[in-house]
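The structure appears below as structure tokens.
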Number of protein chains: 2
Amino acid sequence: MQRSRRNAVALLKVLRERIARREYPPGAKLLENDLAREFGVSRARVREAFGALEQRGLIRRIPNRGAEVVRLDLSQVSEIYEVREMLEGLCVRLAVQRSKPESWQDLVRLFGKPMERHVKRGEFEDYIAKLELLRRRTIVAARNRVLADMLDSINDRAREIMRRIIILPGRAEAGLKQHRAVLAAMRKGDAAAAERRRRENIRSSRDCLRRYESFIL
Amino acid sequence: MQRSRRNAVALLKVLRERIARREYPPGAKLLENDLAREFGVSRARVREAFGALEQRGLIRRIPNRGAEVVRLDLSQVSEIYEVREMLEGLCVRLAVQRSKPESWQDLVRLFGKPMERHVKRGEFEDYIAKLELLRRRTIVAARNRVLADMLDSINDRAREIMRRIIILPGRAEAGLKQHRAVLAAMRKGDAAAAERRRRENIRSSRDCLRRYESFIL
DNA sequence: GTCCACAATATTGTTGACAAATTAGTCGGC
DNA sequence: GCCGACTAATTTGTCAACAATATTGTGGAC
């Protein structure tokens, strides 16, 4: 039981990852039997995982017809971004209010020269990794579990789209500039300004998505 | 199968309701067998429902030890209110942006004399019902499914607390005044003002909770 | 060749039995 | 009488078989 329980936890994590990376592309059917065999887990476990994925909005289940990865259209992505803008903004504000300004110094430095290099050289994986680091640190500092869970769910759905936005022409440069503005406000301990800047950043990202919609979705 | 499927949907709804109404008080243990028998459903169904409840943060499951209703302390309620303030604010703003100002006229009237009567007479059930009506209408008008789902989840956790806040001395009067301000802005089509007022309303409600914490939690 | 009816296959939904773990109860030693 | 080890009962976790449903494949009429 201990063994299969580990497998079950791994299952959910792996499925989330595969969906986020479009290894299972939108519209792909997920078969209970195949996954059960692959992970050495009973079908009941797979079904349990499916339930979780469905609630997170990653898959859609139709009775007697199985589960498939949800296909996002622009309107749904817009909805996600509307919510994301508010929640990420709140997250940054709380993080600033609940931490010492000095604690962001290392990130300010990281987003200086090092990030500049990543952008110039087109090292998007590194760029994204450091962005993710900033996000994680902010969530921890915000000290709000409910918010953290919701951002987690939102990010599962938005991750792949964010990856596609970043490689758009000029987007990484603009994004870096905006993140520096956010960090500057955080470093000064100006919570309201940090929130404002973060929201501008996300809105700008959404505008970018809208402009290049046909290339992304 | 059709029969038990209906039962399964009912199960989740009823469990949410019972937890919200503190029929199952915080800390209460939920037994799979008992519920399966009561609803004429297999244990697998109950487990599925438990999974959903757990993800919504209504129950906590410990391996091999079962499920129990989560016990909220002030810090968790604060977290919920922080998120709720942002999301309800967003909801009102979107609702105003995406509907005609005239469409709120009936609610403006409803929140005039009729609500005044409810407050004066201490008819809290009616007061709450109409508040819920306003909320529903706003969510529909906002046209954002992701947001709607999150508000639904948040409200499940906050409902009973809201009921307890409303009966606090002077709270219903203050709340009504604030809701009128929100509706006035909505009626004028001023989305930003409506959002601001709604957030003020929720913050005020949270302040009230803080002051009377010991009587509520 | 196309369409429809029907059978064969594959997939999901459901159930009950069994295993593992926890909790409650009991007995004996001190 | 109190504590700890052992047993019994309860409860959760897992699985595999069975039923219901949907999908695919096949044959025949036209």
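The analysis underlying the following values was restricted to heavy atoms, covering all of them including side chains, and did not include hydrogens, waters or symmetry mates. A note on names: the letters A, B, ... follow the listed sequences, proteins ahead of strands, and every chain is numbered from 1.
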*asked:* Base of C:dG13, side chain of B:Arg45 - is there a donor-acceptor contact under 3.5 Å?
replied: no
*Closest to the B:Asn64 side chain, choosing from C:dT15, D:dG13, D:dT21*: D:dG13
*Would you mind reading off the distance between A:Asp34 atom CG and C:dT12 atom P, rounded to a whole angstrom?*
8 Å
*Decide yes or no on side chain to side chain donor-acceptor pair (under 3.5 Å) for B:Arg210 and B:Ser78, but give the supporting numbers first.*
CA-CA 9 Å; B:Arg210 284 217 169 123; B:Ser78 285; 3.2 Å; yes
*Write down the distance between CG (B:Leu35) and C1' (D:dT11), rounded to a whole number of angstrom.*
13 Å
*Is the cationic atom of A:Arg84 (NZ for Lys, CZ for Arg) positioned less than 6.0 Å from the six-membered ring centroid of A:Tyr81 and within 45 degrees of its normal?*
yes
*In whole angstroms, how far is the P atom of D:dC15 from the CD atom of A:Glu48?*
12 Å
_Over 12 foreign heavy atoms within 6.0 Å of CZ, A:Arg60_ = no
*Residue A:Leu31, side-chain heavy atoms: nucleotide from C:dT12, D:dT12, C:dG13 that is nearest*: C:dT12
*B:Ser205 and B:Arg171 side chains, donor-acceptor separation under 3.5 Å*: no
_Nucleotide nearest A:Arg61 when distance is taken to its side chain, options D:dG13, D:dC15, C:dG13_ = C:dG13
*Distance, rounded to the nearest Å, where B:Leu30 contributes CG and D:dT11 contributes C1'*: 13 Å
_Among D:dG13, C:dT15, C:dT12, the nucleotide that comes nearest once only the side chain of A:Asn33 is considered_ = C:dT12
*Write down the distance between CD (A:Glu68) and P (C:dT12), rounded to a whole number of angstrom.*
12 Å
_Going by side chain to side chain contact (heavy atoms under 4.5 Å, CB included), name the residues that satisfy it together with A:Ile128, two or more places apart in sequence or in a different chain._
A:Arg163, A:Ile166
*Can you tell me the distance, in whole Å, between the CZ atom of A:Arg43 and the P atom of C:dG13?*
8 Å
*Please confirm whether any donor atom in the side chain of B:Arg65 sits under 3.5 Å from an acceptor in the base of D:dG13, or the reverse.*
no
*asked:* Just the rounded figure in Å: distance from C1' of D:dA22 to NZ of A:Lys29.
replied: 10 Å
*Nearest-Å distance, CD1 (A:Ile62) to P (C:dT11)?*
16 Å
